[in-house]
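First the structure, in the form of structure tokens, and then the observations on it.
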Amino acid sequence: MQYESFVLCDDVRFEASGKLIFVGVYSDIVQVVKLPLQMRSLGLAIKARATGQGRFGFSASIQDPQGNMLLEAGGELNYDGEPGRTIWLPVVMGPALLTIEGPYTVRIRLGEAEPVSASFLVRKSGAPEIAVAPSKPN
């Protein structure tokens, strides 16, 4: 398998039809109101190009800006489709505690290929202001 990209989201789910649902998709900047922030789960949808058929191992991990391991997951996938096709590998990881701002490193290994690294940025943003409009009694 040849890594192409990934989607960072809250959850990745399968529909009965075989389609994937990405829930709560993030850009490469995850804006939070406060830190630390406990997230229920964190998902990666890994896009890859099939280079052949058979079983292959995979692993994914996320480290915080200080190098502390935040999440790890891995397993095996059996692919019996045509080489050259695009596949999506959903990886849902357990609860995540985001503690500080900065770049979080995602490391992905597919089969025997060298691991690839990418990152996303966690940044605090101000709480959204809510305008209260006066109303008349009923």
Side-chain angles (χ1 to χ4, degrees):
M1 290 295 157
Q2 180 182 1
Y3 168 83
E4 290 190 353
S5 62
F6 74 89
V7 174
L8 179 69
C9 52
D10 289 328
D11 197 3
V12 183
R13 300 179 188 161
F14 275 106
E15 283 188 351
S17 65
K19 290 189 255 178
L20 289 177
I21 299 172
F22 302 161
V23 179
V25 175
Y26 296 99
S27 70
D28 64 338
I29 299 176
V30 177
Q31 293 190 346
V32 299
V33 175
K34 66 176 185 148
L35 288 170
L37 176 66
Q38 179 71 45
M39 300 179 75
R40 288 185 186 172
S41 68
L42 203 53
L44 296 175
I46 301 168
K47 182 180 178 185
R49 176 93 33 214
T51 56
Q53 295 180 334
R55 291 187 86 63
F56 69 92
F58 67 90
S59 65
S61 64
I62 301 176
Q63 291 182 328
D64 72 12
Q66 296 173 326
N68 300 312
M69 189 60 65
L70 184 64
L71 295 166
E72 291 181 281
E76 282 192 344
L77 177 69
N78 188 34
Y79 180 74
D80 59 1
E82 300 170 18
R85 309 273 315 171
T86 297
I87 67 162
W88 285 94
L89 178 61
V91 180
V92 179
M93 301 178 172
L97 181 63
L98 304 179
T99 56
I100 60 174
E101 290 184 285
Y104 284 66
T105 303
V106 178
R107 186 174 174 178
I108 298 169
R109 183 188 56 80
L110 298 174
E112 299 300 319
E114 288 293 315
V116 294
S117 293
S119 65
F120 62 91
L121 185 64
V122 172
R123 181 185 302 162
K124 280 176 44 173
S125 64
E129 292 185 24
I130 300 172
V132 178
S135 63
K136 297 178 182 179
N138 291 336

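Just the heavy atoms: all of them, side chains too, but no hydrogens, waters or symmetry mates, feed the values below. Positions are given from 1, in the same order as the sequence printed here.
Cluster annotation: Phe56 is connected to Leu44 through the hydrophobic network of ILVMFWY side chains, with a link wherever side-chain heavy atoms come within less than 4.5 Å. Val30 and Leu42 end up in the same hydrophobic cluster when Ile, Leu, Val, Met, Phe, Trp and Tyr side chains are linked at under 4.5 Å. When hydrophobic clusters are built by joining Ile, Leu, Val, Met, Phe, Trp and Tyr residues whose side-chain heavy atoms come closer than 4.5 Å, directly or via intermediates, Val12 is not grouped with Met39. Using a 4.5 Å cut-off between side-chain heavy atoms of Ile, Leu, Val, Met, Phe, Trp and Tyr, with links allowed through other members, Val92 and Ile87 fall into different hydrophobic clusters. Cluster membership for Val25 and Phe14, using ILVMFWY side-chain heavy atoms within less than 4.5 angstrom, is shared.
Taken from CG in Leu97 to CG in Asp64, the straight-line distance is 9.5 Å, to the nearest 0.5 Å. Rounding to the nearest 0.5 angstrom, the gap separating the OH atom in Tyr3 from the NZ atom in Lys47 is 10.5 Å. One finds the CD atom of Glu15 at 9.0 Å from the CG atom of Leu20 (value rounded to the nearest 0.5 Å). In this structure, CD1 on Ile62 lies 13.5 Å from CG on Asn68, to the nearest 0.5 angstrom. Taking CZ of Phe58 as the start and CG of Leu89 as the end, the distance is 5.0 Å to the nearest 0.5 Å. To the nearest 0.5 angstrom, Ile46 atom CD1 is 12.0 Å from Glu4 atom CD.
With Phe120 as the fixed residue, the ring-ring contact (aromatic ring centres under 6.0 Å, His included) test singles out one of Tyr104, Phe6, Tyr26: Tyr104.
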Checklist entry - How far apart are the C-alpha atoms of Val23 and Cys9, what are their side-chain angles, what is the distance that settles it, and do they pass the side chain to side chain contact (heavy atoms under 4.5 Å, CB included) test? => result CA-CA 6 Å; Val23 179; Cys9 52; 5.9 Å; no
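Here the closest heavy-atom approach between residue Gly102 and residue Leu121 is recorded as C-CD1, 3.3 Å. Nearest heavy atoms, Ala50 versus Glu82: CB-O, 4.0 Å. Across every non-hydrogen atom of Gly84 and Arg49, the tightest pair is O-NH1, 2.8 Å. Taking every heavy atom of both residues into account, Met93 and Ser61 meet most closely at CE-N, 4.2 Å. Residue Met1 comes nearest to Gly52 through the heavy atom pair CE-O, 4.3 Å, listed as atom of the first residue, atom of the second, then distance. Counting all heavy atoms, side chain and backbone alike, Gly94 lies closest to Leu71 at O-CD2, 3.6 Å.
Leu98 places a side-chain heavy atom less than 4.5 Å from the side chain of Leu35. Residues Val122 and Leu37 are not in side-chain contact: their nearest non-hydrogen atoms beyond the backbone lie 4.5 Å or more apart.
For Ser41 (side chain) and Asp10 (main-chain N/O), a donor-acceptor pair under 3.5 Å exists by modelled atom type. Remark: side-chain polar atoms of Gln53 are paired, donor with acceptor, to backbone N or O of Gly81 under 3.5 angstrom. Within the 3.5 Å criterion, the main-chain N or O of Leu77 finds no donor-acceptor partner in the side chain of Arg55.
Surrounding CD of Gln38 are more than 12 heavy atoms belonging to other residues, nucleotides or ligands, all under 6.0 Å away. Within a 6.0 Å sphere centred on CD of Glu112, heavy atoms belonging to other residues, nucleotides or ligands number 12 at most. The neighbour count for Arg107 CZ, taken as heavy atoms of other residues, nucleotides or ligands under 6.0 Å away, does not exceed 12.
One finds no salt bridge joining Lys124 and Glu101 here, because no Lys/Arg side-chain nitrogen approaches an Asp/Glu carboxylate oxygen to under 4.0 Å.
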